[in-house]
Structure formats: structure tokens, C-alpha cells
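A short write-up of the structure that comes next.
What you are looking at is a predicted structure, and each value in this text was computed from that prediction instead of being measured.
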Amino acid sequence: MIRRLLVLLGSVAAMVVGPLAGTALAHPLSNFTVNHYDGLTLLPDHVTDHAVVDVAEIPTLQDQPLADTNGDGTISSAERSAFAARQCAQVVGGLSAVVGGSPLRWVVHSASVAYPPGDGGLPTTRLVCDLSAPADLDRAATFSFSDGYRADRVGWHEITAVGTGVRLLDPQVPAKSVSDELRHYPTDLLSSPLGIHDTTLRTQPGSGVAGGALGIALPTAGVLARWSGGVTRLFTKLAGGSLTPLFGGLAVLLALVVGAAHAALPGHGKTVMAAYLAGRRGTRRDAVLVGATVTLTHTAGVLVLGLLVTVSSSLAPESVLRWLGVISGLLVAGIGIGLLRSALRARSAAEAAVVPVGSVPVPVPVGAGVGALAAIGHGHGHGHGHGHGHGHGHGHHGPELAGNRYGRGALVAMGVAGGLVPGPTALVVLLSAVALGRTWFGVVLVVCYGAGMAATLTAAGLILVRVRDQLHASASGARLRQRAANVLRVLPVLTALLVLVVGLGLAVTSFGAAG
């Protein structure tokens, strides 16, 4: 047991502390990527390309039947050589190079493929192709190059260029690879991976570089992002490691933690939904219902996508995730439209209604019970609101419009929108478990991952409900409502517009990526 604990502590140190150094052996766009590097060397009579393709875990798994042609589950040396030759031929087919208007014809001089270990015990693929093409660069010329190999897959794209007996004039690509030819990626490049697919180089006889090569400024990760990445990698390592009670229990715990962290990341709209859930007279039961729906939807999505990935080598999972992101955004936007219509109807009804208190008519607060503050407190005694039914308040409560709570359909729609896009980490863990012959454990981890996501949403909703209820009964809350009366009148409309805008933003962003 002590030895296992020491091993675990070593893993934690390597996986969590290691990322703080600034680089990590990880793919910049998660486990879906197909990453490209072209190292160009220009000589007076020909051009060479040291082409490297780094394929992440999921597309490697999909490509396995293409390499394992006899289907025995093992890629032999002969199968590996044949696969490398076929893939390098496809690389050549995806390249375009032109000098002085004449296309170049590439020849493959060597082809090799290796399978370095990746996340969750799944392999990755490293394909290396050394190519050359005759070219007339012994005079002033313009060389154009583009790499379109597997252009349907997202990933890192990098080009470098140097001249030997050829001088490069103001090249727009560097001479040295910033990723060490796809061996080490700078951390946290999910939002801004290097994307150099083509270049045009002006040349003349000579040596060196005229004007200096353009350097590339790389983004750096914050401390929180690096720690989050370290925990995620530790989770996938445990999930793909030996299945002992200790390591299995830690994997389950980390599944909850990583799922909760995933739900808290920007771009999901979960925080907006949780806030509005609490503000619109949401109850603890409502928050739990949304959380349960998130768990079920996310788990089902991961299982279905995992099945599709294992049966289809042509499916691009990242494209599926993007279209699911579009649907999720549209669901959120639809909820926002419904909330906006409800808020406008309630506002119109409230403006037309008054409640007599003694002999002084008092207008019904517009949107009372809507929004994180509008749902707070009411006047003393009893009040009757008109419009969508009648509401009664007691003690510190007063007039409140009924019908401000969500229906069950809207709550379920929120949960579906929150859990519709499967987490890439959860998918990798599931596929790893399937490959290791313990599918049941992968399903358990996926459920825990979804439960962690739901916990974030549910906790946010419960906290906001708690704060709202405390402000209901507090004198300071009543004074705050009086001072913010004008804001409270328009708050339901503003909150509905916020939900609508966030949903449209998610949908537009995902649609742009999918397109």
C-alpha cells in the first residue's frame, strides 16, 4: 500500500506540477486533433519537405482498422510500413507547391510511423514523411506552398522554411519549429492554436535571410489553467491505469472534480441559467431537476458519440460537438425568448394593475418575483396581483405576480442545453475503458463526470436561492429593494435579454467553427 501511495504521489507531482513549467506533452486542441508540421528547405534545384503528422488519441483509434489490415488487434511491422507508405502518399496528395506558375511533383523518400502513448492509455500516431520535388530556384523566383492533408480535422498547423544556396526575402514563416516538430506544444492553446496552412516565399540566389524571419508570439497559460490541465491529465492517466480499489476510487473522485471544473469554464452558459433559475422564483427542487437532466443528457451524449466513433473511421467527433454546441445555444436562446415574452406580458399587466392599501393605490411592482433581486420580499400584510393569476404574501411578503416560475418543460430544456455537448475528456476516458475491456468502469466515470457538471450548476442555483431567501427576510433587503425599485422594474426584461444574447452567442460561435 505504501509503495502504491508513493507511485501515486509521483504521478501527482509529474502531472500537476509539471505543467507549471510552461509546456506539456499534450495536444493543443484536446484529443481530437490531427496536427501538421512542414519543414521546408529550399535549394537551387529542388525543395525538400520534412512533413510530420501528429494524430491524437481519438482519430488514432478511428484509424486503427486502416493500419491493422488483418484485424488481429495488433499492428505488425509489415502493416506499419505499409500504412506509413499509404499515409505519406496521401500527404503528398494534400500538398500544393508552385514555382513560377509551375506545380511541383513531390517524391516520397522515406515514410515511418510510430505510436507514442497518449491519454487514458490510448496510443497516438506520429507519421514522418521525407519528401522532395525538383524546382528552379537558381534565379529570382516565388515559391508558394500549402498543406491540405486531412483539412477536415482541427489541429495545429506549422510551417518553417530555410534556404541552402537560396536566399529568402522577408519570409513570413520562421526557420525553427516552435513545437520541436510537434513534440512539445505550448500549454492552453485551445482558443488559439497555431494555424499556418500555407506560405509564399520570394527567393533569389545566395544564402541567409533578407529582412529577418517573422517570429511567432505564443500565448501562455495562466496558473489556474495549468493546474486544471494537470488535474485532467492525472484523471485520464488514472482512468487508463491499473484498476485497483485505490486508483479506481481516485479516478471516480477526479471524475467528479474534472466534471465540475468543466461546467465552470466559460462558453457553456450554465452560470447564466443557474442565476436565472434562482432569480425566477426557482426552488431547490428546480435546481436539482436541472442538475439531474444535465447528468443524464451528458452521459447519454458521451455514450452515443463513443459508439459512433468506434464504428466509423470517417466521423469527425469535433464536428459533431460543434453542431451540438449550435443546438445547445439555440435551446438557451429559445429559453431567453420565452422569458422575454413572459417578462413583457407581466410588465404590461403590472402597469395596468394597482393594489389598494388603505386609501392609497399602490402599483404592483413589475416583475416581482423575477430576477435575483426582484424575487425578494414584499410589503406587510396581504396583497393580490392581477394579470397571470393571483398571489398572496404573508409577513414580509406582499404582491407578487404568479406564473413567474419555470414550468417543468423549461427546466428540462435548461438541463438538456447544459449537458448536450459531451466533454472530450469524458469521451477519451470511455474509449480508453472500452479498449482495455472494462467498459463498465468507463460508463461509471462518465456518469460521475456528468454528475460533477450537474453539481456545479445545482450548487450555483442553490446558493442563489439561499441568498435570495435570506434577503427576503432581511430589513436590509427591503431597503435595497426600495432603492433599486426602478432597476427591479426592468430587471426581468434585461435578464431575459441576457439569456437570449448568451444563447445566440453560443450558437453563432459554434456554427462558425462548424462551418
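For the atom pair OG1 (T293) and NE2 (H298), the distance works out to 14.0 Å, reported to the nearest 0.5 Å. Here the CG atom belonging to L324 is positioned 11.0 Å from the OG1 atom belonging to T297, to the nearest 0.5 angstrom. To the nearest 0.5 Å, atoms CZ (R86) and CG (L127) are separated by 11.5 Å. Note that CG of L201 and CG of L42 are 6.0 Å apart. Values are rounded to the nearest 0.5 Å. Taking CG of L43 as the reference point, atom OG1 of T164 lies at 5.0 Å (rounded to 0.5 Å). Atom CG of residue N70 and atom OG of residue S76 lie 6.5 Å apart, to the nearest 0.5 angstrom.
You'll find the side chain of T124 stays beyond 4.5 Å of the side chain of Y115, heavy atoms only. Residues L95 and L104 fail the side-chain proximity criterion, which asks for heavy atoms closer than 4.5 Å. Residues T160 and D38 fail the side-chain proximity criterion, which asks for heavy atoms closer than 4.5 Å. With contacts defined as side-chain heavy-atom distances shorter than 4.5 Å, the pair I337/L500 qualifies. Counting only heavy atoms from C-beta outward, the side chains of L305 and L427 approach each other to under 4.5 Å. The closest side-chain heavy-atom distance from P44 to V166 is below 4.5 Å. The shortest distance between side-chain heavy atoms of T41 and V47 does not fall below 4.5 Å. Taking 4.5 Å as the limit, some side-chain heavy atom of V416 sits within range of a side-chain heavy atom of L331.
Judged purely by distance below 3.5 Å, without hydrogens or angles, the side chains of Y449 and T299 never pair a donor atom with an acceptor atom. Judged purely by distance below 3.5 Å, without hydrogens or angles, the side chains of E79 and T69 pair a donor atom with an acceptor atom. A side-chain N or O of T125 and one of T60 form a donor-acceptor pair less than 3.5 Å apart. In the model, S177 has a side-chain atom that pairs as donor or acceptor with a side-chain atom of E158 under 3.5 Å. Judged purely by distance below 3.5 Å, without hydrogens or angles, the side chains of N35 and T33 pair a donor atom with an acceptor atom.
Considering every non-hydrogen atom in both A51 and V91, the closest pair reads CB-CG1, 4.3 Å. Nearest heavy-atom pair across L168 and P171 is O-CD, 4.0 Å. When all heavy atoms of I58 and V309 are compared, the pair lying nearest together is CG2-CG1, 3.9 Å. The shortest non-hydrogen separation linking L256 to A451 is CD2-CB, 4.0 Å. Here the shortest heavy-atom pairing between P59 and F32 reads CG-O, 3.6 Å. Here the closest heavy-atom approach between residue Y37 and residue E181 is recorded as CE2-CG, 3.5 Å.
Aromatic ring pairs are classed by plane angle as parallel below 30°, tilted from 30° to 60° and perpendicular above 60°; the pair H36 and H157 is parallel.
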Indicate every side-chain donor-acceptor pair of residues 130-146 with a distance under 3.5 Å to a residue at least two apart or in another chain.
residue: D130; atom: OD1; partner: H50; partner atom: ND1; Å: 2.6
residue: D130; atom: OD2; partner: S110; partner atom: OG; Å: 2.9
residue: S132; atom: OG; partner: H109; partner atom: NE2; Å: 2.4

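Not a single donor-acceptor pair under 3.5 Å links the side chain of R126 to the backbone N or O of S112. Proximity of a side-chain donor or acceptor of R153 to a complementary backbone N or O of R150 within less than 3.5 Å is not detected.
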*Before giving the answer on side-chain contact (heavy atoms from CB on, under 4.5 Å), spell out for V443 and L430 the whole-Å C-alpha distance, their side-chain angles and the decisive distance to 0.1 Å.*
CA-CA 6 Å; V443 174; L430 175 65; 4.3 Å; yes
*Begin with the C-alpha distance, continue with both residues' side-chain angles, and end with the deciding distance and a verdict on side-chain contact (heavy atoms from CB on, under 4.5 Å) for L445 and W440.*
CA-CA 9 Å; L445 293 180; W440 66 270; over 6 Å; no
*For L169 and T203, run side-chain contact (heavy atoms from CB on, under 4.5 Å): C-alpha distance rounded to whole Å, both residues' side-chain angles, the deciding distance at 0.1 Å, then the answer.*
CA-CA 6 Å; L169 306 177; T203 70; over 6 Å; no
*asked:* With side-chain contact (heavy atoms from CB on, under 4.5 Å) as the criterion, how do I196 and D147 come out once you've worked through the C-alpha distance, each side chain's angles and the decisive distance to 0.1 Å?
replied: CA-CA 9 Å; I196 303 176; D147 182 354; over 6 Å; no
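The pair R80-D68 does not meet the salt-bridge criterion, since no charged nitrogen lies less than 4.0 angstrom from a carboxylate oxygen.
For residues 193-202, the pairs satisfying salt bridge (charged side-chain N to carboxylate O under 4.0 Å, His left out) are D170-R202, with sequence neighbours left out.
The disulfide bond (SG atoms under 2.5 Å apart) search around C448 returns none, not counting sequence neighbours.
The number of heavy atoms from other shown groups lying within 6.0 Å of CZ (R105) does not exceed 12.
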